[in-house]
Amino acid sequence: YLLNDKKVESLPKKTTIIGAVKLSGRTEHGLNIGALSSVTETEKAVYYEDFNEKKSLIIEPFTNYNIIRIKQELFENSAIGLMNTSAFLDKYSPNLATGFDWNFRFIENTFAIDGYLANSIFSMKKFYDDEISKYSGNTGRIFLGKIAGEHWLYNTSYDFASKKFNIDELGLFNQPREHGGATQIVYKNDKPSKLFYRYLILGRIEYRWDFENINTFKYYAVGPQALLKNFWTVFFQFIKSESAYEGQSRGVPMGKYLRPTAIQYNLNLSTDTRLPIFANIISLYEFDSKKKKEYLARTELTIRPTTWIELTPMITFSKRWNEESGFILGGSYVQAHDTSTGSYFTVFGDRDLQHFDMALRGIVTLDTKLSIQFFSQLLFYKWSYKRFKLLTTSDEFIDYVPTNHVIHPAYLKFCKLNYKIFNANIVVRWEFVSGSTFFFVWTQARKGWNEFYATPFDLNVKQAFDIPSDNVLLIKMSYWFSL
């Protein structure tokens, strides 16, 4: 965003890895150890300031990334573990995260107690000066449940993440900084009957609050799943999401938005997976107490023409319209400024969304030591915002008046967006020594967008392949040895 009004000569899309090393293994006493360290180069954008003065801006600093994972197996199917990550950014304080986790099984693996606790220390430099701020946060989860048995299974869990918890230098933690949990009950019958080989009925409730004790999420789900006599699987689920608030814990900068009640129906049908050709079909329909409606259809076909070839074409289409939604760019809500009062508001609008995804995945196993895997994907994602309105600090909407309320022009051009992506990769795997492998990987990516929401499908396809491609060749070798 700092370069929105600049003439940009070059803007790096990837970070160059100077070098990396990985070590992993397991001792005869059940101690698993993994370590990874890498160094990445400084990446700069080159742009022109006023009077054609050439300047550069650091996008990513020179950095050393490190991960250490230790896991000790205990008793039968139980374990405790420790993980530490660190990112040493040039001229920054290090970003650190340490976590402890456990998985315990009791009474012939019938009952489980799982969980984790973690802490992070994160440093951030403000873009308008050289001041570095340091933040510390915590997260944790506990799970208790009966996970095996003849008929009844049940579990409950609780988790939290404090406001300043952040591990995004090494990993992604995209959950809201809230606390809450889930409770689930399952009744199953694994004895064959006239209609089914087995079936189950599931009920689940989830609930969350922010740290001001405001309810941010509550939903109920119930539905059956069955394996039929022809080896087809059918799963149906009814979900009701209750009205709840979205505030600062979910990224809304000004005010709290009361999300409407929504109803969703899901149906999943899978044919006999033992056959050379089988399919998985997913359908979804959702509506809320306002005007939103959504449907989704996905079909996945698996084809095995021989024992050594498997092909899986997939196609997904979804459409959502009249959804009351925040104007969100780059994961952040856009704000408007009142020129007369100096007040700020969160921008909302009615949003239409369309998503089309066509992909092909496959594997060719030439022998026990040599295989080729490939994947290609054509993805279109587009949205259109209309009828803007503004959320105030008193949690009410007011009309958006362009003459009084200013939204940055660089953001307004994204109120209609047509995003196009093509991805492809090929992986050749050769096990040259038992347990040791050599990988050759080629990937291609094409990404682009324009503001024409109503672009026809055939033109979208043509434009996707007109986008310049980024190609990467990667060679990787893993060698296993005994100590």
Side-chain angles (χ1 to χ4, degrees), residues 14-40 60-90 92-106 109 112-123 134-145 147 157-162 164-175 177 373 427 429 431 433-439 441 474-483:
K14 296 179 175 65
T15 301
T16 302
I17 300 175
I18 299 174
V21 61
K22 181 180 77 170
L23 175 67
S24 60
R26 181 182 182 276
T27 70
E28 61 182 353
H29 300 293
L31 178 63
N32 298 269
I33 301 174
L36 173 68
S37 181
S38 67
V39 178
T40 60
E60 287 290 339
F62 178 87
T63 307
N64 169 228
Y65 296 100
N66 303 281
I67 301 174
I68 298 175
R69 169 64 169 165
I70 300 173
K71 181 179 179 182
Q72 177 63 59
E73 299 171 10
L74 300 171
F75 317 121
E76 271 193 52
N77 297 321
S78 298
I80 57 174
L82 181 71
M83 175 177 270
N84 177 266
T85 66
S86 59
F88 296 89
L89 287 72
D90 187 27
Y92 284 67
S93 299
N95 295 331
L96 307 171
T98 301
F100 171 72
D101 63 291
W102 60 90
N103 304 94
F104 296 119
R105 299 294 179 267
F106 305 97
N109 298 315
I113 300 177
D114 299 337
Y116 61 80
L117 287 171
N119 172 264
S120 70
I121 300 174
F122 182 78
S123 302
K134 185 176 291 186
Y135 305 96
S136 178
N138 302 283
T139 186
R141 181 177 185 265
I142 183 70
F143 171 96
L144 307 170
I147 60 174
S157 64
Y158 172 81
D159 65 89
F160 72 93
S162 66
K164 302 299 182 181
F165 182 74
N166 192 321
I167 60 168
D168 289 352
E169 281 294 343
L170 270 169
L172 177 65
F173 190 86
N174 60 1
Q175 298 180 25
R177 294 343 188 228
Q373 300 177 46
V427 179
R429 180 186 182 275
E431 188 175 354
V433 176
S434 181
S436 299
T437 51
F438 174 89
F439 293 91
V441 182
L474 172 69
I475 295 175
K476 174 186 173 184
M477 184 179 73
S478 298
Y479 185 76
W480 286 88
F481 54 92
S482 298
L483 294 177

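Model, not experiment: these values are computed from the prediction. What you see below is based on every heavy atom in this structure, not just the backbone, and it leaves out hydrogens, waters and symmetry mates.
- A donor-acceptor contact shorter than 3.5 Å links the side chain of S78 to the backbone of R105.
- In this structure, G25 and W480 approach most closely via the heavy-atom pair CA-CZ3, 3.9 Å.
- Partners of S478 by side-chain contact (heavy atoms from CB on, under 4.5 Å), not counting sequence neighbours, listed by chain and number: T437, K476.
- Environment of CD1 in I17: sparse, with no more than 12 heavy atoms of neighbouring residues, nucleotides or ligands closer than 6.0 Å.
- The shortest heavy-atom contact between N64 and S38 is ND2-O, 3.0 Å.
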Does the pair F439 and V427 meet the rule for a side-chain contact (heavy atoms from CB on, under 4.5 Å), with working shown? CA-CA 7 Å; F439 293 91; V427 179; 3.9 Å; yes

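- No donor-acceptor pair closer than 3.5 Å links the side chain of S136 to the backbone N or O of I121.
- Rounded to the nearest 0.5 Å, atoms NZ (K164) and NZ (K134) are 15.0 Å apart.
- At least one side-chain heavy atom of I142 sits under 4.5 Å from a side-chain heavy atom of I113.
- Note that CG of N166 and CZ of R177 are 6.0 Å apart. Values are rounded to the nearest 0.5 Å.
- Donor-acceptor pairing under 3.5 Å is recorded for the side chains of N66 and S37.
- Within the 4.5 Å cutoff, side-chain heavy atoms of F438 are placed close to those of I475.
- A 4.5 Å side-chain heavy-atom check between L36 and Y65 finds every atom pair outside the cut-off.
- In this structure, the side chains of I70 and L31 come closer than 4.5 Å at one or more pairs of heavy atoms.
- The shortest distance between side-chain heavy atoms of W102 and L117 falls below 4.5 Å.
- In this structure the side chain of I33 never reaches within 4.5 angstrom of the side chain of L23, judged on heavy atoms.
- Contact of the N84 side chain with the T98 side chain is registered, since non-hydrogen atoms from C-beta on lie closer than 4.5 Å.
- For the pair S162 and G137, the tightest heavy-atom approach, listed with the atom from each and the gap, is OG-CA, 3.3 Å.
- One finds the CZ atom of F106 at 10.5 Å from the CD1 atom of I147 (value rounded to the nearest 0.5 Å).
- Looking at heavy atoms from C-beta onward, T139 lies out of side-chain contact with Q175 at the 4.5 angstrom threshold.
- Looking at Q72, its side chain does come within 3.5 Å of a backbone N or O of H29 through a donor-acceptor pair.
- In this structure, OG on S436 lies 5.5 Å from OH on Y479, to the nearest 0.5 angstrom.
- Although no hydrogens or angles enter the test, the distance criterion places a donor-acceptor pair under 3.5 Å between the side chain of N95 and the main chain of S123.
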Stepwise side-chain contact (heavy atoms from CB on, under 4.5 Å) test for F104 and I80: CA-CA 8 Å; F104 296 119; I80 57 174; 3.7 Å; yes

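- Here D101 pairs with R69, N103, Y116 under the side-chain contact (heavy atoms from CB on, under 4.5 Å) rule; sequence neighbours left out.
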